[in-house]
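Here is the naming used below: chain letters follow the sequence lines, and residue numbers restart at 1 for every chain. The shown structure was predicted, so the numbers you read here are calculated from the model rather than taken from an experiment.
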Amino acid sequence: MPLRVYSTLSRQKEEFQTVEPGKVRMYLCGPTVYKPAHIGHMVGPVIFDTIKRYLTYAGYDVTFVVNITDVDDKLIVKAQEKGTTVKALAEQMTADYFDNLKLMGVDSVDQFPYATDHIADMLAMIARLIEKGHAYPLEGDVYFAVDSDADYGKLSNRSIAQMMAGTRVEANDRKRNPADFALWKSSKPGEPAWDSPWGPGRPGWHIECSAMSARILGDSIDIHGGGLDLMFPHHENELAQSESCSGKPFARYWLHNGLMQSGRQSGKVGGQHSRQGDAPASEEDQIAGKLAGSAGAESVKSAVFAHHPPEVVRFFLLSTHYRSPIDFSLENIAATGKSLEGFHRLFEEYERISGKSAYALPAPTKRTETTSLAAVESLAPEVAAELASLRDRFTEAMDDDFNTGGAVATLFDMRRVINGLVNQFTAAGAKPDAAQQAALTASVKLLMELAHTLGVFRTPPAKAAGQQDDLVEGLMQLILDIRADARKSKNWPVADKIRDALKTLQVVVEDRPDGVRWSRG
RNA sequence: GGCGCCGUAGCCAAGCGGUAAGGCAACGGAUUGCAAAUCCGUCACCCCCGGUUCGAAUCCGGGCGGCGCCUCCA
């Protein structure tokens, strides 16, 4: 099955063919760093990080660029409000952004170009656009002339006439066409400014992406990504600038991710389906408020990760198709977290059996080097066949416009199959022999191979605070020792009382054939 | 007003013309002293009405309902 992707430009799925065979050039519109990153800012990076991982797995050599827009009107306003400089604010917010990306496991980005490092490229592009008759200077500003671009509006499917009909485009008699947008803005005193042939000023909003994309990836790239909200005007204008300037197609595939919606914005939660008596509602509303980006915006780190591990949030984002909107709610994320527990239990079990960390298994990162199931084949051919078939289902789903939701389902199936194998090998408390361990290793490695293309299960779940406490360890040993004695003498009331009491303290005790086990929830 | 998306079980969600994946929850069973974990099993008239087709959740038309963009929000 060839890889197929949906492009906003053609409004249909197309077979994926790169400009240069085997290579993928991918550009994702990054943040304007004027406020702390909120959970919505993580959607695009996680999705395109996953896309890069999968494309790499599929055999492509991918270059992935995410820009940092560190000069902008919002930045100027915010810096003034806070009594700091644009530069200082941008640096601070960029650090916060990187911080969050790291937590989310987004580590496949090759370059983060800064707008302010590419002013010269932008000036050159603007000059070229003027030269070619696509832009005109006006009192220190430079505007792009939408009338000069015959197919302006093709990305967001709108015509200039339509936009004029709407009341939203305010009349500006200075511009030739009200829809013309700024490539260069003259600066007022005190604002960040760079010299230009048209006087001191700063770049318009869209030109930085066009210039940096061309500089780093070339005139024609393969994938241009971003949130659905950027389709117009940002991407439409980028497209118009870039193609008018180079005369070549700008991006082969435009991928737009759906936006995250807070519980309050979503009719599903706020409307008639609203559940009554939801205890965490107030807290959730708070975070939802932060999502909306209004007052008191706080970094994702404190707003969301305080409640859920980043990996759970990442998995949550990948549980649905990237183009669909996703409802943010603590309840939904908690459900995701619950569904992941079984995986980590399996990995712990594997470690107990084999003495090896599942997370540290050297899982292949290329489809062509996929995990051999020979060790499984020799012991349980039907299981090997099932695992192989699940692997195929996984790649088929991913090949179909990166259907992570469908792909995730096969991971759950795989978990069930491997658990069955574990049960088979450990029946009656038996210790799996070398051949059985090899079969388990191959199975778990395959699961990891696929999971890693989604960027999940790369590290063990973070231990809860206090988990490593020596005192707790000692006390637990004592308590369970006492309980073991009680069980030995069949004193069930005492044994059960201890277990029940521990449960109220979030400590789960399991009596297994091979001994007692405890864990903190 | 213009452009576009969506409506599948209590909840999340896949499905892209051939007779409904997966997860959470729930309920049976195996297992267990009882539990937990795990495994097996049960659980969907695919918003409504027409149409196309041998056959539609899937295509077309019309409703109803929800959402987004057209305001320098990812």
So, [X] and [Y], do they make that salt bridge, N to O below 4.0 Å?
{"X": "A:D73", "Y": "A:R202", "value": "yes"}
{"X": "A:R314", "Y": "A:E311", "value": "no"}
{"X": "A:K431", "Y": "A:D514", "value": "no"}
{"X": "A:K102", "Y": "A:D99", "value": "no"}

Is a side-chain donor-acceptor pair under 3.5 Å present for A:N237 with A:Y152? yes
Which is it for A:D511 and A:R483 under the salt bridge (charged side-chain N to carboxylate O under 4.0 Å, His left out) test, yes or no, and what are the steps along the way? CA-CA 11 Å; A:D511 296 309; A:R483 180 164 175 275; 2.8 Å; yes
Give one of base, sugar-phosphate or nothing for [X], where a contact means two heavy atoms less than 4.0 Å apart.
{"X": "A:H234", "value": "nothing"}
{"X": "A:L230", "value": "sugar-phosphate"}
{"X": "A:N157", "value": "sugar-phosphate"}
{"X": "A:L411", "value": "nothing"}

Residue [X], side-chain atoms from C-beta onward, closest of [options]:
{"X": "A:S339", "options": "B:G68, B:C24, B:C3", "answer": "B:C24"}
{"X": "A:Q261", "options": "B:C73, B:G23, B:C67", "answer": "B:C67"}
{"X": "A:R158", "options": "B:C69, B:G4, B:C24", "answer": "B:C69"}
{"X": "A:H38", "options": "B:G4, B:A74, B:C72", "answer": "B:A74"}
{"X": "A:N403", "options": "B:G15, B:G4, B:C72", "answer": "B:G15"}

Closest to the 5' end of RNA chain B, once A:S324 and A:F232 are matched to their nearest nucleotides, is A:S324
Rounding to the closest angstrom, what is the interatomic distance between [N] and [M] at atom [atom1]?
{"N": "B:C69", "M": "B:C59", "atom1": "P", "result": "25 Å"}
{"N": "B:U42", "M": "B:G50", "atom1": "C1'", "result": "36 Å"}
{"N": "B:A21", "M": "B:G15", "atom1": "P", "result": "14 Å"}
{"N": "B:A26", "M": "B:U31", "atom1": "P", "result": "22 Å"}
{"N": "B:C46", "M": "B:C12", "atom1": "C1'", "result": "16 Å"}
{"N": "B:C45", "M": "B:U8", "atom1": "C1'", "result": "12 Å"}
{"N": "B:C54", "M": "B:U19", "atom1": "C1'", "result": "13 Å"}
{"N": "B:C40", "M": "B:C24", "atom1": "P", "result": "12 Å"}

Euclidean distance, atom [atom1] of residue [X] to atom [atom2] of [N] [Å, nearest integer]:
{"X": "A:F315", "N": "B:C12", "atom1": "CZ", "atom2": "C1'", "value": "13 Å"}
{"X": "A:K185", "N": "B:C72", "atom1": "NZ", "atom2": "P", "value": "9 Å"}
{"X": "A:R323", "N": "B:A14", "atom1": "CZ", "atom2": "C1'", "value": "14 Å"}
{"X": "A:L75", "N": "B:C73", "atom1": "CG", "atom2": "P", "value": "12 Å"}
{"X": "A:L454", "N": "B:A14", "atom1": "CG", "atom2": "C1'", "value": "14 Å"}
{"X": "A:F328", "N": "B:A74", "atom1": "CZ", "atom2": "C1'", "value": "15 Å"}
{"X": "A:D141", "N": "B:C72", "atom1": "CG", "atom2": "C1'", "value": "15 Å"}
{"X": "A:M260", "N": "B:G68", "atom1": "CE", "atom2": "P", "value": "15 Å"}

For nucleotides 26-39 of chain B, 5' to 3', base contacts (B), sugar-phosphate-only contacts (S) and non-contacts (-) with protein non-hydrogen atoms under 4.0 Å give -------BBBBSSS
Determine the sole option in A:L317, A:N257, A:L255, A:T404 for which the side chain to side chain contact (heavy atoms under 4.5 Å, CB included) test with A:I47 is passed. A:N257
Hey, is the main chain of [Y] close enough, under 3.5 Å, to the side chain of [X] for a donor-acceptor pair?
{"X": "A:T395", "Y": "A:D392", "result": "yes"}
{"X": "A:S186", "Y": "A:D141", "result": "no"}
{"X": "A:H307", "Y": "A:V304", "result": "no"}

Let me see the working for A:D500 and A:K503 under salt bridge (charged side-chain N to carboxylate O under 4.0 Å, His left out), right down to the final yes or no. CA-CA 5 Å; A:D500 292 346; A:K503 190 165 188 184; over 6 Å; no
Verdict with supporting geometry, A:H344 and A:E348, side chain to side chain donor-acceptor pair (under 3.5 Å): CA-CA 6 Å; A:H344 290 116; A:E348 280 170 29; over 6 Å; no
For [N], what is the paired nucleotide under Watson-Crick or G-U wobble rules, both distances under 3.5 Å?
{"N": "B:G50", "value": "B:C60"}
{"N": "B:C43", "value": "none"}
{"N": "B:U31", "value": "none"}
{"N": "B:A25", "value": "none"}
{"N": "B:A36", "value": "none"}
{"N": "B:G1", "value": "B:C70"}
{"N": "B:G15", "value": "B:U8"}

When you measure from the side-chain N and O atoms of A:T336 to the phosphate of B:G23, is any distance below 4.0 Å, counting only OP1 and OP2? no
Show the nearest heavy-atom pair for residues A:G258 and A:V43, with the distance to one decimal. O-CG1, 3.9 Å
Can you see which heavy atom on A:P432 is nearest to which on A:F425, and at what distance? CG-O, 4.0 Å
Kindly indicate whether the side chain of A:K13 and the base of B:C16 share any N or O donor-acceptor pair separated by less than 3.5 Å? yes
Would you confirm whether the ring centroid of A:F343 sits within less than 6.0 angstrom of the ring centroid of A:F412? yes
Below 3.5 Å is the cut-off: list the nitrogen or oxygen pairs between protein and nucleotides 18-21 of chain B, distance only.
residue	atom	partner	partner atom	Å
B:A21	O2'	A:R393	NH2	3.2

For nucleotides 41-43 of chain B, give me every protein contact, N/O to N/O, under 3.5 Å, one pair per line with atom names.
none

